[in-house]
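See below for the structure under consideration.
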2 protein chains.
Amino acid sequence: MLIIVDPHSGVPVYRQLMDQIKFHITTGLLKPGDELPSTRTLSSELGVNPMTISKAYSFLEREDVVERRPGRPLVVKSLPGETIKDKKMDQLKESLSSTVTMVKQLGIEYEEALKTFRELLEDKSDATAHYKEDDK
Amino acid sequence: MLIIVDPHSGVPVYRQLMDQIKFHITTGLLKPGDELPSTRTLSSELGVNPMTISKAYSFLEREDVVERRPGRPLVVKSLPGETIKDKKMDQLKESLSSTVTMVKQLGIEYEEALKTFRELLEDKSDATAHYKEDDK
DNA sequence: TCATCTGTATTACTTGACATATACACCAAT
DNA sequence: ATTGGTGTATATGTCAAGTAATACAGATGA
């Protein structure tokens with residue numbers, strides 16, 4: 001599992017961790033039942049304090065993404081009957097919700113908003129995921 | 001012009017000010033050339049420090065939303081040839097951009113994403129204010 | 001039991017954002 | 001020049017977020 005963090009990016013390290021783990025789950029790279037690296041392992045790999053890893057894990061547990069087994073590594077939680085596609089749709093809806101609010105507040109016509117969305121999707125043609133690697 | 005700030009909302013006061021002023025401009029309530037209240041006036045109305053107002057104004061100037069006239073009140077800047085509808089569309093595009101990135105990263109089908117957007121727009125039909133655009 | 005994994009509660013340090021008080025510079029009209 | 005308006009540079013205080021050092025607790029397996 002590929003995880004990269006940049007301590008100077010402005011985004012808190014624990015949040016970078018959460019985002020990347022959730023992303024791997026959403027794409028199916030991490031499946032329900034998979035074990036996550038121990039706090040100390042990940043800690044030494046990434047060069048950050050174990051507590052920072054633990055913080056990310058705790059939040060993920062609170063969000064029901066991961067399951068705690070006392071004295072054992074954390075595992076990816078399986079939500080019964082939820083497919084990868086479901087997860088992607090959930091994430092999409094969450095991402096769209098603030099825009100939906102805005103469209104209503106500003107009184108933008110729905111068809112206009114949909115047209116704009118379609119144009120943006122077709123415009124930006126670089127569809128590849130880009131991860132910023134911090135080489136030394 | 002109605003401006004309300006809540007010091008305990010978690011959102012910085014200067015940012016609440018910026019957001020509301022930009023919102024009023026986008027909806028057309030504040031037009032190019034309109035004067036903004038002086039820092040001290042707004043300060044005493046809202047019960048916050050004049051410097052906080054000044055900070056908001058400075059950022060708005062940096063964003064080219066407002067124009068500085070030495071020794072005189074700030075005025076809403078007029079961007080030549082930009083209609084209210086243009087402003088709304090700009091804001092919509094900005095709001096959608098992160099979602100667009102996400103859709104591409106996760107490999108969600110465009111039609112699927114558009115369908116979801118349409119459903120969200122039609123679903124949450126809560127009674128938010130709708131403004132009519134009579135600006136061409 | 002002992003050694004060694006696991007996670008984490010507690011505590012403290014550092015840092016940056018936010019808001020404020022004060023004082024100053026500028027401009028326009030007296 | 002004086003008065004009263006404008007905005008703001010500077011320094012200070014406050015507070016919360018992020019991270020880390022330490023020490024502890026539960027589980028596992030020899």
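The chains referred to below are lettered A, B, ... by the order of the sequence lines, with proteins before strands, and numbering in each begins at 1. Everything quoted here is computed from the prediction, not taken from an experiment.
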Inset, instruction - Measure the distance from CZ on A:Arg62 to C1' on C:dT8 and round it to the nearest whole Å. - result: 13 Å
Legend entry - Ionic contact status for A:Glu61 with A:Lys77, cut-off 4.0 Å: no
Legend entry - Per-nucleotide protein contact string for nucleotides 9-18 of chain D, where B marks a base within reach and S marks sugar-phosphate only (heavy atoms under 4.0 Å, - for neither): BB-------S
Legend entry - Short side-chain N/O contact from B:Ser54 to OP1 or OP2 of D:dG7, under 4.0 Å: no
Inset, instruction - Assign each of B:Ser38 and A:Val11 to its nearest nucleotide of DNA chain D by heavy atoms, then name whichever residue's nucleotide is nearer the 5' end. - result: B:Ser38
Legend entry - B:Glu109, CD atom: more than 12 neighbouring heavy atoms under 6.0 Å: no
Inset, instruction - Mind calculating the distance between CD1 (B:Ile53) and P (C:dC18) to the nearest angstrom? - result: 15 Å
Inset, instruction - Among the candidates D:dT6, D:dA21, C:dG7, find the nucleotide nearest to the side-chain atoms of A:Asn49. - result: D:dA21
Inset, instruction - Check the distance between C:dA19's P and B:Leu17's CG and give it to me in whole angstrom. - result: 9 Å
Taking N or O atoms only and anything under 3.5 Å, show me the protein contacts with nucleotides 27-30 of chain D, one pair per line.
none

Inset, instruction - Among B:Asp34, B:Leu60, B:Val65, find the one that has a side-chain contact (heavy atoms from CB on, under 4.5 Å) with B:Val76. - result: B:Asp34
Inset, instruction - Figure out the CE/C1' separation between A:Met18 and D:dT19, and round it to whole Å. - result: 16 Å
Legend entry - Residues A:Glu111, A:Lys115: salt bridge by 4.0 Å N-O rule: no
Inset, instruction - Grab the CG-C1' distance between A:Leu46 and D:dT19 for me, whole Å please. - result: 14 Å
Legend entry - Over 12 non-hydrogen atoms of neighbours within 6.0 angstrom of CD in A:Glu82: yes
Legend entry - Pair A:Thr83, A:Asp86: side-chain N/O donor-acceptor within cut-off below 3.5 Å: yes
Legend entry - OP1 or OP2 of D:dA20 under 4.0 Å from side-chain N/O of A:Thr52: yes
Legend entry - NZ/NE/NH1/NH2 to OD/OE distance under 4.0 Å, B:Arg40 and B:Glu45: no
Legend entry - Any donor-acceptor pair under 3.5 Å from A:Gln16 side chain to A:Val11 backbone: yes
Legend entry - Test side chain to side chain donor-acceptor pair (under 3.5 Å) applied to B:Thr26 and B:Lys85, B:Gln91, B:Lys88, the passing residue: B:Gln91
Inset, instruction - Let me know the distance between CG of B:Leu74 and C1' of C:dC27, rounded to the nearest Å. - result: 14 Å
Inset, instruction - Could you check how far CZ of B:Arg40 sits from C1' of D:dG5, rounded to whole Å? - result: 8 Å
Inset, instruction - For B:Leu42 and D:dG5, give me the distance from atom CG to atom C1', rounded to whole Å. - result: 16 Å
